[in-house]
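Right, one structure below, let's go through it.
Atom set for the values below is all heavy atoms of this structure, side chains included, hydrogens, waters and symmetry mates excluded. Here the structure is a predicted model, which means the values were calculated and not measured.
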Amino acid sequence: MSRLHVISASVRPTSAARPLARWVAEQARERGGFDVTPVDLGEIALPFLDEPECASSGIYTHQHTRDWSALIDSADAFLFVLPMYNSGFTAPFKNAIDFLYREWQGKPVGLVSYSAGPTGGAPAAEMLQPVLKRVGMVPAERSVAIAGINDLVDGSDTFRAPEGLAGELAGVLDEVAALAGLVTA
């Protein structure tokens, strides 16, 4: 079974990414076809890029980089759950991508963006596309953009999906599965 990592790309302690990523991971499990692993960048706690060699060399001197490399290398595909701040994606997320190179190569990725405002983080997802392509990832054409995230996460840290969102996410999952070479449901 192919391994799908659902990466919560925010490191803020009160981020809506965590409950949203939990919901996304559960939807992916229910869909089937993937062994789903949730990954929280806040828990990974990578420092600002501190490797002396370029990521493309694959020479890692720090244990945190070797651990991150092994985690990313173990995935066959990804779903990134990313917030939008000031029309872009976050610096910690870019940093996490920049730590590695070979580990991202040829792997499909779907994007689930969100924001408090009406764009649902779509500008951040669009801005991320060239970065993903540059490290050799294969982005799905479909994506999900969730507007008004503050109204969708309650005090118990639970994401309440609006009507139709599960279907949109299923389309992204189907495309990621196809890009990963899996037979879609």
Inset, instruction - Would you check, one step at a time, whether the test side-chain contact (heavy atoms from CB on, under 4.5 Å) holds for Ser69 with Arg102? - result: CA-CA 9 Å; Ser69 170; Arg102 175 198 53 78; 4.1 Å; yes
Legend entry - Derivation of the side-chain contact (heavy atoms from CB on, under 4.5 Å) call for Val6 and Val36: CA-CA 7 Å; Val6 176; Val36 179; 3.9 Å; yes
Are [X] and [Y] joined in one hydrophobic group, where the rule is that I, L, V, M, F, W and Y side chains link up if heavy atoms are under 4.5 Å apart?
X: Trp23; Y: Ile7; result: no
X: Leu41; Y: Ile72; result: yes
X: Val112; Y: Phe34; result: yes
X: Leu20; Y: Val172; result: yes
X: Val81; Y: Phe93; result: no

What is the minimum heavy-atom distance between [X] and [Y], and which atoms define it?
X: Ile59; Y: Glu53; result: O-CB, 3.8 Å
X: Gly121; Y: Ser115; result: N-OG, 3.2 Å
X: Pro118; Y: Ala147; result: O-CB, 3.6 Å
X: Ala140; Y: Leu179; result: CA-CD1, 3.8 Å

Legend entry - Non-neighbouring partners of Arg29 that pass salt bridge (charged side-chain N to carboxylate O under 4.0 Å, His left out), sequence neighbours left out: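 Checked Arg29 against salt bridge (charged side-chain N to carboxylate O under 4.0 Å, His left out); matches are Glu26.
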From [atom1] ([X]) to [atom2] ([Y]), nearest 0.5 Å:
X: Asp67; Y: Ile44; atom1: CG; atom2: CD1; value: 8.5 Å
X: Leu111; Y: Glu126; atom1: CG; atom2: CD; value: 10.5 Å
X: Ser56; Y: Leu100; atom1: OG; atom2: CG; value: 11.5 Å
X: Ile149; Y: Met84; atom1: CD1; atom2: CE; value: 12.0 Å
X: Met127; Y: Leu82; atom1: CE; atom2: CG; value: 11.0 Å
X: Asp35; Y: Asp76; atom1: CG; atom2: CG; value: 9.5 Å

[X] side chain to [Y] main-chain N or O, any donor-acceptor pair under 3.5 Å?
X: Arg66; Y: Thr61; answer: yes
X: Ser8; Y: Asp40; answer: no
X: Glu51; Y: His62; answer: yes
X: Lys107; Y: Ala75; answer: yes
X: Arg22; Y: Phe159; answer: no
X: Tyr114; Y: Ala17; answer: yes

Inset, instruction - Walk me through it: do Tyr85 and Ser10 pass the test side-chain contact (heavy atoms from CB on, under 4.5 Å)? - result: CA-CA 10 Å; Tyr85 298 148; Ser10 175; 3.6 Å; yes
Inset, instruction - I would like to know whether Leu152 and Ile146 meet side-chain contact (heavy atoms from CB on, under 4.5 Å); could you show each step before the answer? - result: CA-CA 9 Å; Leu152 302 174; Ile146 303 167; 3.5 Å; yes
Heavy-atom side-chain contact between [X] and [Y] under 4.5 Å:
X: Ile97; Y: Leu128; result: yes
X: Leu79; Y: Leu4; result: yes
X: Thr90; Y: Asn95; result: no
X: Val39; Y: Phe80; result: no

Inset, instruction - Tell me, yes or no, whether the heavy-atom count around Glu141 atom CD, taken from other residues, nucleotides or ligands under 6.0 Å, exceeds 12. - result: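 Count not over threshold, so no.
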Legend entry - Passing option when Ser74 is tested against Arg3, Glu103, His5 for side-chain hydrogen bond (donor to acceptor under 3.5 Å, both in side chains):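 Single pass found, and it is His5.
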Legend entry - Sole candidate of Val24, Thr158, Val153 that passes side-chain contact (heavy atoms from CB on, under 4.5 Å) when paired with Pro19: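 Testing each of Val24, Thr158, Val153 against Pro19, the sole residue satisfying side-chain contact (heavy atoms from CB on, under 4.5 Å) is Val153.
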Legend entry - Under-4.0 Å salt bridge between Arg160 and Asp154: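 A salt bridge is present here (some side-chain N lies under 4.0 Å from a carboxylate O).
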Legend entry - Arg18 with Asp157: basic N within carboxylate O range, under 4.0 Å: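 No.
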Legend entry - Verdict with supporting geometry, Phe78 and Trp104, ring-ring contact (aromatic ring centres under 6.0 Å, His included): CA-CA 10 Å; Phe78 299 92; Trp104 302 115; 5.3 Å; yes
